Amino acid sequence: ISPYARAGYIDHQQLSHDAYLKFIEDDFLGGRRLNPATDGRPDPRPDVREASTASGNLTNDFDFNQQPLPPLVLPTHPAPGPASIPPGGLPPEGALGSKPEGGAANQALQLVASVAPRQNMRIHHRRVYVTVGCNVACTVHAYGHVSLLSHHRHRRLRGVWMALKAHASARLELSLPPATMAALRRSLAHGHSVTAAVFVEAFDTSERRSYAVKVRLSDR
């Protein structure tokens with residue numbers, strides 16, 4: 001997933017594989033098209049499909065002015081989900097998260113978390129951001145602390161709790177109290193590095209999953 005993808009954007013354009021060629025040509029050839037009739041590289045294409053006005057433009061799916069999004073960390077061994085349902089079909093009994101007889105939905109809890117490895121506290125208004133999601137309904141707890149290497153001290157981040165629906169995601173904000181922000185600025189001014197340790201825990205009725213990461217903090 002591109003770090004410049006527009007978050008939450010649904011593209012309703014008509015697109016095909018030719019749109020990828022068009023996107024590459026726009027980026028690296030200044031909009032010129034690879035045309036077998038003129039570029040000296042004959043091939044069996046009857047025309048230049050990426051030049052068609054009917055095809056959409058992939059540029060609409062990106063925002064190259066936004067701060068790059070953090071990488072999305074996916075589970076390496078995800079549990080299998082429910083079988084796909086053909087268009088117009090009806091889900092079989094017990095599918096799509098409905099509870100089988102005598103128990104909860106037969107899905108193992110999975111936690112997905114995404115955190116930018118470097119975050120600017122001035123731009124983010126004294127907040128460390130982490131995006132989390134679960135494959136089933138869960139409760140998420142995010143907390144952490146800031147390590148000030150100049151004083152070998154830990155200062156807590158203000159944690160947050162949130163209930164999530166199945167297959168939903170949310171961006172959680174762990175804020176730095178004013179005193180912690182002031183200490184961070186003093187530490188940075190003396191040339192010391194400042195990191196935040198972020199911990200995320202997800203719970204459902206029977207399972208718990210956790211995630212931990214370190215984030216480098218800056219103020220400019």
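Quick caveat: nothing in here was measured; it's all calculated off a predicted structure. Keep in mind that the numbers below use all heavy atoms, side chains included, and drop hydrogens, waters and symmetry copies.
Interatomic distance, E201 CD to T139 OG1, rounded to the nearest 0.5 Å: 12.0 Å. Distance check: Q14 CD to S52 OG gives 7.5 Å after rounding to the nearest 0.5 Å. Annotation: the span from S16 atom OG to K22 atom NZ amounts to 10.0 Å, rounded to 0.5 Å. Atom CZ of R122 is separated from atom CG of D219 by 6.5 Å, given to the nearest 0.5 angstrom. Between the OG atom of S147 and the NE2 atom of H192 there is a distance of 14.0 Å, given to the nearest 0.5 Å. A distance of 8.5 Å separates CG in L15 from CG in N60, rounded to the nearest 0.5 Å.
Here the shortest heavy-atom pairing between S169 and L164 reads C-CD2, 4.4 Å. Residues Y4 and P68 share a closest heavy-atom pair of OH-CG, 3.6 Å. Contact between C134 and L111 at its shortest, heavy atoms only, is SG-CD1, 4.4 Å. In terms of heavy atoms, A108 sits closest to R209 at CB-NH2, 4.5 Å. Nearest heavy atom pair, residue A196 against residue L157, reads CB-CD1, 4.3 Å. Shortest non-hydrogen contact noted between G144 and F199 is CA-CD1, 4.1 Å.
Connection of L184 to Y143 is not established within any shared hydrophobic cluster, with ILVMFWY side chains joined at heavy-atom distances below 4.5 Å, either directly or through further cluster members. Cluster membership for F203 and V132, using ILVMFWY side-chain heavy atoms within less than 4.5 angstrom, is not shared. Transitive grouping of hydrophobic side chains (ILVMFWY, heavy atoms separated by less than 4.5 Å) brings V160 and L176 into a common cluster. Using a 4.5 Å cut-off between side-chain heavy atoms of Ile, Leu, Val, Met, Phe, Trp and Tyr, with links allowed through other members, M162 and Y211 fall into the same hydrophobic cluster. Under the 4.5 Å side-chain heavy-atom criterion for ILVMFWY residues, no single connected hydrophobic cluster contains both V115 and L69.
Under a cut-off of 6.0 angstrom, the local environment of CZ in F28 is sparse, with at most 12 non-hydrogen atoms contributed by other residues, nucleotides or ligands.
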Working note: R216 + S193, criterion side-chain contact (heavy atoms from CB on, under 4.5 Å); need CA distance, chi angles, decisive distance, verdict. CA-CA 8 Å; R216 186 80 173 266; S193 63; 3.5 Å; yes
Run the side-chain contact (heavy atoms from CB on, under 4.5 Å) check on Q13 and N57 step by step: do they pass? CA-CA 8 Å; Q13 300 180 88; N57 192 333; 4.2 Å; yes
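A salt bridge between R32 and D26 is absent, with no side-chain N of the basic residue lying under 4.0 Å from a carboxylate O of the acidic one.
Formation of a donor-acceptor pair under 3.5 Å by the Q66 side chain with backbone atoms of P3 is found in this model.
The residue from V128, T180, T195, V215 that alone fulfils the side-chain contact (heavy atoms from CB on, under 4.5 Å) condition with V146 is T180.
Taking the six-membered ring for Trp and thresholds of 30 and 60 degrees, F23 and F64 have nearly parallel ring planes, at less than 30 degrees apart.
Residue pairs satisfying the side-chain hydrogen bond (donor to acceptor under 3.5 Å, both in side chains) criterion with at least one member in residues 125-135, sequence neighbours excluded, are listed as follows: R127-E173.
Side-chain atoms of C138 and L109, non-hydrogen and from C-beta on, do get closer than 4.5 Å to each other.
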